[in-house]
Structure formats: C-alpha cells, structure tokens
Visitor: 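A single structure is presented below for examination.
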Amino acid sequence: MTDAPGVGVSGHATDGGIPLFSNLAVTLGAGQWTCLLGPSGVGKSTVLRLIAGLETHVAFTGEITTTDGLPTAPRVAWMAQQHLLFPWATILENVATGPRLRGAPPDRDRCRALLGEVGLAAHADKHPHELSGGERQRAALARTLMEDRPIILLDEPFSALDARTRSEMQDLAAKLLAGRTVFLVTHDPLEAARLGDRIILMSRSGTSTLPVPTSIPPRRVDDPEMLDTQGRLYRSLMAVT
Amino acid sequence: MTATRNILLAILLALAAWQAVVLLTGVPPFILPGPLRVAKAFAANAPLIAEHAMVTLTEVCLGLILGATLGMATALHLATSPAARALLRPILVFSQAIPVFALAPLLTLWLGYGLWSKVAMAVLIIYFPVTSAFFDGLMRTPQGWLDMAQTMGASQRSILMRVRVPAALPSLGSGLRLAAVYAPIGAVIGEWVGSSRGLGYLMLLANGRSKTDLMFASLITLGCMSVLFFLAVNLLTRRLDFKAEA
C-alpha cells in the first residue's frame, strides 16, 4: 500500500434542480477514521460515491482534493451495507474478486491469510449462502482488504448486523484498516463515537465537526467518555432539520 | 417416491378414463381407438415409430442448440451495444407479431423438404424466448455489483464476462427450459407443412389412411419424447442456478 493521503470534499449538490446539500466541507485526515453522521436522505452516501468516482444522481458543484494531489477514484476500496458477495463463487474466490475482475492471477496465499485474519479460514471453500450475516460481512471485509488501497470507503457496512456482531466487526475493521484513510458513513452515533478520529455531522445546510473522545479508537463499548460523546452526538443528530 | 407413484397413478387414471369413454360411447375405432388398440398399434409399428421419432428428435436437438446459441449471442450483443438495442429491439418485437406458423411454408420453399426446414422452424420458435430471458438477466445486474467492479478497476468486458453473465445464468436457464418446451412444437409444425420423415409426417400419413391408432401411438410417442427432452434440459440448466442466501 502507498501512503494514505488526506482527502477533502467541498461544494454543493442539487437533485433534479432541488438543492440536496450545500456548504459541504468534509476533510478526511490521512491515515485516520472520519465518520460522517447524519439523517437518512441528506446525501451521505452521495459524498462517499463522489470520492469513489461512482455515478450519482445529483449535480455536484465543488471539488475533491487530496493532500498528494493524485485522484481518489483509483485508490479507493469500497464496502457497502450489502456484502455484495457473488453467490456463484466460493468465499475464497470472492475474496479474490478484485484481481479476478482485473484479469490478474490472484495471490491465493494472501487470500487465505486475509480469510484467517477475519476468522473465516475454515470457510474458504463454502459459498455465501452457507454463512451467517456476520460471516458474510467478514468475507466482504477480507475482499476489501485484498484490494490493499490507501483510501477505504465504508457505507454503513455494519448496519444490518446484530449489536454483538456489529461491535465485533467494528473492532476487527479498526484493527485491520489501521493506517489507511477511512471514511465511514453511518447513521449510528455509537458507531461514530467508537470509531471516529474525527466526526462530521451532515445536514442539508452544511457540515460541522463535532468533538471526539480523547481515547484512541476503537473505544470500549462501556468507555464513559465514549458514551458521553454518543449522547451528545444523539442530541446533535436530533437537532438537525 | 410419492411423486413417482402419483405420476403413475395419474397416467393409469387417464388411461382408464379414456377406455371408459370408448366403451360407454361406442365410438368407432377410426374416430377414437381405445388405449389397448393404440398399444397394439405401437407394438406392431415400433421400429417405424422409432425411426421417425429419431428424425424428430434430431431436428429438436439441432434446433435447440442453434436457437440457444443464436439467442445467447443476440442477448450479449443487445446488452453491450446501445446502438443494437435501439435498432434491433423494435425488429425483434415486431418479428414476434408474425405467427411463426405462417412462415413454415416459406421455410420449406427455401430450405426444402429435408431436415433443415424443420430445424429452422424450431430455431425461429425458440430464438425469442432465449434472447429475451438472457437479455433481461443481463440488464438486471444488481447495481452494487457493478459499482464494486468499477471501484476495483474492472474493464467493461471483464464486468460483462465475470459479473453480468454469471448473474444472468439463472435467467438464461429459464429461457432454455421454455425453449425445450417450444422446440418440438416447431419441428412438428415444420413436418406437417412438408416432409417425408418424422413423427409429424407419420401422424399425417396415419391420419390420411384412417389408421387412427397409429396416429395416436405417434402422438403419445411425441408427447413422451417432449417430456423427456424437457426433463433432460431442466436437469442440465438447474446447474445454472445458484443458491440464494437464507
């Protein structure tokens, strides 16, 4: 992996002539976790898709900058709420999706090593339907790691999981994605408070940076300072119109 | 086992009902022969029926292979080329408004009385269902997979071959199963319009000579053959399906 850059997104967007968001100013610290919190429909995923260079249905006016001046799109790995595993392929083949799609021979040893890191070593030759929801999301994390990209875009990847599995996945992701520039879009204040080096609240009228706990992520689920932050994030989120 | 028993029971019931109609109405055998009489005709003409059945089966198999290949190629072309979609699709849809049966005499005129006019008939009749099923599957790839492939730097060709095609295989399977049902219909229509071989020809011949029992024997052979053909294609195409998650 090359050095993880910092990323900045600023501007405004309209959807079919109707303003979606304005005064957007999102800065991702190099090698840090930045959490974007906000109500549904405010355009959080759109910001993420802009960084990924994916099609959006909005007209965006503004700029996407990086600290090293290179474009973001070829350097991102993307993980969504759906695991997006191919049902016809084994877990091992799914982890190797990136190389396979690029027509490169996949490094099978690395695939197996990554499956080991996410705790799925025994499931390499199974198909996605044989795994639980949490295991499928672990496989998706291994596939994301396989890309070895400096910028990681996470679009509510843990929101469909049960509370226990979700916190386990948060710990695992924090451990395995350390050192990369991570952008996590979430609607869960607890998730933001646990994982964020930086927490940004997004509303239609603009973005604001909120204070984070002093401890280092991933914060314990019963860390009092983290829980206090969670409470304040909830209040800020409820105040957003 | 219960399924097999039920099928056997249903067949016995149908045969009994058939025999009952013949006995109760006293209809003459040249109008409606009883099952026993048909069985005798079958036994007496087994080599003849088998010979003609082989001809029809060959037409059906060739028709399915050619029709499916053409259909798949068209679907791939339509899915990858917006220009082809704009130009070809209206033609395809319009071609479906012409009853394929009406083309049978024309095909015989062009391709002769032999095998190929029947194969062409089968191809025409299954081409559209295969094209349409596979094309729909190719165009309905979940957006998430396409987005993921794009962030991974996959080429359009790679996305087609490794994402869109595999994702469309279950749809293609449905199309092929439909084609397996249609193909024998196409072949027999071709034989009716003009031929000297095949089960359709044998039926017409038997009918013309008031050998209604032989006609029924051919008809039942055709039915059984079509069912077996469908089951074989069904078995093969089930491999195209993938397990959805629980």
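Protein chains get the first letters and strands the later ones, always in sequence-line order, with residue 1 at the start of each. Since the model is a prediction, treat every value here as computed from it, not as a measurement.
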Visitor: Heavy-atom distance under 4.5 Å to chain B: side chain of A/Ser132, backbone, both or neither?
Guide: neither
Visitor: Only pairs of heavy atoms separated by less than 4.5 Å count here; which of B/Pro166, B/Gly153, B/Ser158, B/Ala154 has the most with chain A?
Guide: B/Pro166
Visitor: Are the side chains of B/Tyr127 and B/Gln96 in touch, meaning some heavy atoms are under 4.5 Å apart?
Guide: no
Visitor: Just so I know, are the side chains of A/Arg75 and A/Pro5 near enough to count as touching, which here means a heavy-atom distance under 4.5 Å?
Guide: yes
Visitor: Counting heavy-atom pairs under 4.5 Å to chain B, which of A/Glu130, A/Arg102, A/Met79 comes out on top?
Guide: A/Arg102
Visitor: Are B/Val188 and B/Met121 side-chain neighbours, meaning at least one heavy-atom pair lies under 4.5 Å?
Guide: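 Counting from C-beta outward, B/Val188 and B/Met121 never come under 4.5 Å.
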Visitor: Under 4.5 Å from any heavy atom of chain B, what part of A/Leu85 do you find: side chain, backbone, both or neither?
Guide: backbone
Visitor: What do the steps show when you test A/Cys111 against A/Glu93 for side chain to side chain contact (heavy atoms under 4.5 Å, CB included), and what is the final call?
Guide: CA-CA 9 Å; A/Cys111 289; A/Glu93 288 165 344; over 6 Å; no
Visitor: Below 4.5 Å, heavy atoms only, C-beta onward: do A/Ile200 and A/Leu37 meet side chain to side chain?
Guide: no
Visitor: Check the pair B/Tyr201 / B/His52 against ring-ring contact (aromatic ring centres under 6.0 Å, His included), numbers first and verdict last.
Guide: CA-CA 8 Å; B/Tyr201 162 76; B/His52 288 282; 5.7 Å; yes
Visitor: Sub-4.5 Å heavy-atom contacts with chain B: which residues of residues 51-60 of chain A show up?
Guide: A/Ala52, A/Gly53, A/Leu54
Visitor: Measuring heavy-atom distances to chain B, does A/Gln82 have an atom under 4.5 Å in its side chain, in its backbone, in both, or in neither?
Guide: neither
Visitor: Pick from B/Leu146, B/Val163, B/Thr151, B/Asp147: which one has the most heavy-atom pairs with chain A under 4.5 Å?
Guide: B/Asp147
Visitor: Dump the intermediate steps for side chain to side chain contact (heavy atoms under 4.5 Å, CB included) on B/Arg85 and B/Phe135, then the final yes or no.
Guide: CA-CA 10 Å; B/Arg85 278 205 290 284; B/Phe135 173 71; 3.6 Å; yes
Visitor: Would you say the ring centers of A/Trp88 and B/Trp145 fall short of 6.0 Å from each other?
Guide: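 Judged by ring-centre distance (under 6.0 Å), A/Trp88 and B/Trp145 do meet the cut-off.
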Visitor: Do the non-hydrogen side-chain atoms of A/Leu48 and A/Trp78 ever get within less than 4.5 Å of each other?
Guide: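 Yes, close enough: below the 4.5 Å cut-off.
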